[in-house]
Amino acid sequence: MSDPIQAGIDKGWLITSAGSLPDKTILEADIAIIGSGAGGATSAEFLSKAGLKVIIIEEGKLRYQKDFKMNEFDSASTLYQEATSRKTEDAAIAIYQGRTVGGSTTVNWTSTFRTPDNTLNYWASEFGLSDYTPEKMQPWFKEREKVLNMSPWLVPPNANNSALKKGCDALGWSSKTMVRNVKGCWNLGYCGFGCPTNAKQSMLLTSVPTALDNQASLLTCARAERFHFKEDKITHLECHTLDSEAFSESGKSVTVKAKHYVLSAGAIGSPAVLMRSEAPDPFETLGKRTFLHPVNSCTATMPEEVKPYEGAPQSVYSDEFLWREGVNGDMGFKLEVSPLFPGGLAAQEALHGKVLAQRLAALPYTQSMIALLRDGFNDQSIGGAVKLRSDNSPVLDYPINDYINAGFIKSYLSMAEAQFAAGAKTVTAVHHDAKDWRSWSEAKKAIKSLPMTPLRAALFSAHVMGGCGMGLDPRNSVVNGHGEHHQIENLNVIDGACFPTSIGSNPQLSIYGLAAKQASHLATRLKFG
Amino acid sequence: MSHKQNVPGQKPLHSLLMQTSPIHNKLSRRQLIKTGIFGSAVLSISSGAASLSASTETQDQPAHVDGHPYPFLNKDDQILITALLPVIIDLNWPKDAKDQQIATEKTLRSIDLYITRLGSFNAGEIRKLFDLLNFRMTRFLMAGVWSSWDKVDKKQVDEFLISWKLSRFSLLTGAYNALTDILAFCWYSNPENTSKLGYSGPPEYTLQALPQFKNT
């Protein structure tokens, strides 16, 4: 089995670990792209194909198949932002984002959805984004689906996902089979650890190699620190270099000079670079409206083995409650399942003693349901704000209000109801005050009085969106519909950071489609003025 | 036996913090938050006191308990974690004394490695938390534990953890979540520790078939 990354390195791809460069090295290119995840890599593919000289700057290290050994400790501590300990400012929501070449696409669970029509129509009506209607986006999604081998998962779902389907069927709720971006998948279940078999068509194995084949260069272990400006133009980007494992700064810097800059550092990282740069922000929109799809969870003990660590992590979903209260009514949510491994289960429970030991002992029989709350569609859901901490690292302040808590209670109820309908012996919410409930009626009563006090519920997010939102009006956005910064002439933000609301489903294809569209426009603009 | 007996007539701060008081009600979320992986303001203040007084029970030196250097954990931290681990892991903790010692050493090394990968800001927050738990005065005030961790029995450790978990004060719950998250993750993410629980790592055939497991 030949590894495509190793083969590319052997044939001379331009990849440099920043720490190996002399201090204060200056690198030049037509376009400097910050970030190699869904937004950055897609942009790199389109811009390099147009014949532009591209440099991709990535904070993480180039890790690939040889490093992907299905080990939970290694993957958690090397492939994620803050080694999976990233949290919102009050520590209430754990945030999982990739920090490696390929960004979060290297560690995502391959779940693929086009941006829902409701979301796109809402953007058109609320933010003037008439170029983002479902009809206008369709060709971009189609093209990316083809390139990234996205197709419905025809293998039977694992027991964890089957339970969601069974519960929905029993209750008359809709559920569907997921689309996944895989080629020759072994159905192992280690997607979140970096795909061990090179089956996942992540950016690491698709758009990044395409760009490198087109003479793009990749600078790894380099943290984009700040832009420097002359009037409304960026003159250069200052990067800090990290050690060869990308864990800590090594005290050196690299300067990148380009004609144009593309910021694709994620919805926390992108605003942070602009904040460190003291970029113009006349309407104080930068870093605001940052969304999470806040996730809560219920676990069930099933009569038969589930082995939630085996098989494609997500293959079934239910949108029964996603739009039920209207696009901008009470918070809607998407039902999915999450894979569970021992370390992850222990970390999410954050318990000790007999309770924790028993939860772990029950792992093979544990089914794990999650709900993704669709944030950003209501006046009471304005998202969070990215801020800089004392050391200039970013943190997201995401207040959880009654509107969001009502969504959590509703989704706990739906999850527990579905789990009992699927035959669960007991169900519990992943919450410090939840007990093991033995029936739906017991669960229903308990959930309704579950206190949503800060830090008692285990909450997560793997989908950070917004913070540099798109819109026609600079008073409620940071970039326009092309991703062009309202105030800075030679900067685009092409990323999930552009989303003016959350998506309402796992966002990878939404980012690919948006990036393909925006990067194509940028390529034309730069080539033909 | 209560750990409060050491200082008669005084109530540890943590027990006060567990009650809903008018002060709590007045403190808004905004006032309480400070950045960090457990969102700690009180922790910063208390551990500031701890580091100023510079009198944790043993000195802040890199330690070599099992002959290995630890870049992050000092000797006090190691003693603290050694006391916490068996209580956090409980039923799944090895029964045999030799196994316990090996398990402790391996997990200490994982915890040390893990913290060094969290980034300097988070590592700094954990430094404050560990200092707070290692400095006698703040340990007593915040955790209700007077004796040093090597002299505290399991029941007292359990009581301390429960008091933080059930605290009305979300900062202490946050610190509890961070402590249990990191320690339990570092234990349970090692497949050697979970094979008896049904998970012993990836399927054997993948190790035979995939190139990253071949020693060439």
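Each chain gets a letter, A, B and so on, in the order the sequences are listed, and its residues count up from 1.
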Chemist: If we define contacts as heavy-atom pairs under 4.5 Å, which of A:Phe73, A:Tyr190, A:Phe341 has the most with chain B?
Modeler: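 Of the candidates given, the most pairs with chain B belong to A:Phe73.
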
Chemist: Under a 4.5 Å cutoff for heavy-atom pairs, which residue among A:Ala346, A:Ala246, A:Ala362, A:Ala347 has the most contacts with chain B?
Modeler: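 Greatest number of close heavy-atom pairs with chain B: A:Ala347.
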
Chemist: For B:Ile88 and A:Leu356: C-alpha separation, side-chain torsions, deciding distance, then whether side-chain contact (heavy atoms from CB on, under 4.5 Å) applies.
Modeler: CA-CA 8 Å; B:Ile88 290 176; A:Leu356 179 66; 4.1 Å; yes

Chemist: May I ask you to decide if A:Pro196's main-chain N or O and B:Gln212's side chain share a donor-acceptor pair within less than 3.5 Å?
Modeler: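 Yes, the answer is positive, given that a donor and an acceptor are paired below the 3.5 Å cut-off.
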
Chemist: Determine the option with the most heavy-atom pairs under 4.5 angstrom with chain B, choosing from A:Ala76, A:Pro364, A:Gly353.
Modeler: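 Max contact count across the listed options: A:Gly353.
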
Chemist: Just give me the residue among B:Ile89, B:Leu161, B:Thr173 that pairs up with chain A most often, heavy atom to heavy atom, under 4.5 Å.
Modeler: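 Most heavy-atom pairs under 4.5 Å with chain A: B:Leu161.
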
Chemist: Please state whether the side chain, the backbone, both or neither of B:Tyr114 comes within less than 4.5 Å of a heavy atom of chain A.
Modeler: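 Both parts, backbone and side chain.
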
Chemist: Could you check whether atom CD1 of A:Ile382 has more than 12 heavy atoms from other residues, nucleotides or ligands sitting under 6.0 Å from it?
Modeler: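 Count not over threshold, so no.
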
Chemist: With heavy-atom distances below 4.5 Å as the criterion, would you say the side chains of B:Arg117 and A:Thr78 are in contact?
Modeler: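 Touching, per the 4.5 Å side-chain cut-off.
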
Chemist: Can you tell me which portion of A:Leu188 sits under 4.5 Å from chain B's heavy atoms? Options are side chain, backbone, both or neither.
Modeler: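 Contact with chain B involves the side chain of A:Leu188 alone.
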
Chemist: What residue, out of B:Phe213, B:Tyr199, B:Trp93, has the most heavy-atom pairs lying under 4.5 Å from chain A?
Modeler: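 With the most close heavy-atom pairs to chain A, the winner is B:Tyr199.
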
Chemist: Most heavy-atom pairs under 4.5 angstrom with chain B, which of A:Gln81, A:Lys354, A:Glu305?
Modeler: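 Between A:Gln81, A:Lys354, A:Glu305, the count favours A:Lys354.
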
Chemist: Has A:Arg456 got a side-chain atom pairing as donor or acceptor with B:Lys165's backbone, closer than 3.5 angstrom?
Modeler: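 Yes: the side chain of A:Arg456 pairs with the backbone of B:Lys165.
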
Chemist: Under a plain distance cut-off of 3.5 Å, with no hydrogens placed, do A:His352 and B:Tyr176 share a side-chain donor-acceptor pair?
Modeler: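 There is such a pair (donor and acceptor under 3.5 Å, judged by atom type) between the side chains of B:Tyr176 and A:His352.
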
Chemist: Using non-hydrogen atoms and a 4.5 Å limit, figure out which bit of B:Leu91 sits close to chain A: side chain, backbone, both or neither.
Modeler: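 Both backbone and side chain.
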
Chemist: Indicate yes or no: at least one non-hydrogen side-chain atom of A:Thr197 is less than 4.5 angstrom from one of B:Leu210.
Modeler: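 Touching, per the 4.5 Å side-chain cut-off.
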
Chemist: Considering only heavy atoms, which portion of A:Ser77 lies under 4.5 Å from any heavy atom of chain B: side chain, backbone, both, or neither?
Modeler: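 Its backbone and side chain both get close to chain B.
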
Chemist: Please report the closest heavy-atom contact between B:Pro202 and A:Met70, naming both atoms and the distance.
Modeler: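 What the structure gives for the nearest pair is CB-SD, 3.6 Å.
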
